[in-house]
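When a residue number appears, it is its place in the shown sequence, counting from 1. These figures come from a predicted structure and were not determined experimentally.
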Amino acid sequence: MKNENIPNSPTTELFIIFSTYGGLLLVALTTLFWLWSGMASLGTFYLILGAPIVMGVIAFRHRQTKTISKYHNWTYLSGLLYFVIAPVTFVILFLVSKN
């Protein structure tokens with residue numbers, strides 16, 4: 001983004017998005033392959049209670065700036081798609097771990 005001279009580059013938002021989706025991956029891998037822990041529970045609480053608010057704010061803030069660059073558009077779409085990806089992931093994990 002720095003080399004392309006993108007104005008108002010969404011670096012902080014992309015870091016938050018990366019952390020949130022990384023946490024979702026970590027919870028999924030913990031559920032499938034390892035033992036559940038207190039840290040996994042804290043991550044799950046964040047993903048269920050905190051992340052929708054944070055991702056909603058990111059999507060809302062970038063609804064007007066999504067035409068500036070591909071990074072702004074990806075930030076907007078990543079924030080918006082969390083509301084589809086996270087529930088589907090949690091339902092799949094619930095069904096798989098039930099067995």
Roughly how far, to the nearest 0.5 Å, is the [atom2] atom of [Y] from the [atom1] atom of [X]?
X: Phe90; Y: Leu95; atom1: CZ; atom2: CG; answer: 13.5 Å
X: Lys70; Y: Thr75; atom1: NZ; atom2: OG1; answer: 12.0 Å
X: Thr12; Y: Ile16; atom1: OG1; atom2: CD1; answer: 6.5 Å

Between [X] and [Y], is there shared hydrophobic-cluster membership here, with clusters defined by ILVMFWY side-chain heavy atoms closer than 4.5 Å?
X: Leu49; Y: Ile17; value: yes
X: Tyr21; Y: Tyr46; value: yes
X: Leu93; Y: Phe45; value: no

Please collect all salt bridge (charged side-chain N to carboxylate O under 4.0 Å, His left out) contacts where either partner lies in residues 31-45, sequence neighbours excluded, each pair once. none

Testing the basics here: between Asn73 and Lys66, what is the closest heavy-atom pair and its distance to 0.1 Å? CB-O, 3.5 Å

Closest contact, heavy atoms only, Thr67 versus Gln64: OG1-O, 4.0 Å

Within the 3.5 Å criterion, strictly below it, is a donor on Ser69 or His72 matched to an acceptor on the partner's side chain? yes

Is the closest side-chain donor-acceptor distance between Tyr76 and Thr65 under 3.5 Å? no

Apart from Val57 itself, what residues make up its hydrophobic cluster when side-chain heavy atoms of I, L, V, M, F, W and Y under 4.5 Å apart count as a link, directly or indirectly? none

Hey, can you pull the donor-acceptor pairs under 3.5 Å for the side chains in residues 77-87, sequence neighbours left out?
{"unit_1": "Ser78", "atom_1": "OG", "unit_2": "Trp74", "atom_2": "O", "d": "2.8"}
{"unit_1": "Tyr82", "atom_1": "OH", "unit_2": "Leu47", "atom_2": "O", "d": "2.7"}

Residues in salt bridge (Lys or Arg N to Asp or Glu O under 4.0 Å) with Arg61, at least two apart? Glu13

Side-chain donor-acceptor pairs under 3.5 Å in residues 27-36, sequence neighbours left out?
{"unit_1": "Thr30", "atom_1": "OG1", "unit_2": "Leu26", "atom_2": "O", "d": "2.7"}
{"unit_1": "Thr31", "atom_1": "OG1", "unit_2": "Val27", "atom_2": "O", "d": "2.8"}
{"unit_1": "Trp36", "atom_1": "NE1", "unit_2": "Ser41", "atom_2": "OG", "d": "2.9"}

side-chain contact (heavy atoms from CB on, under 4.5 Å) filter on Ser37, not counting sequence neighbours, yields Met39, Ala40

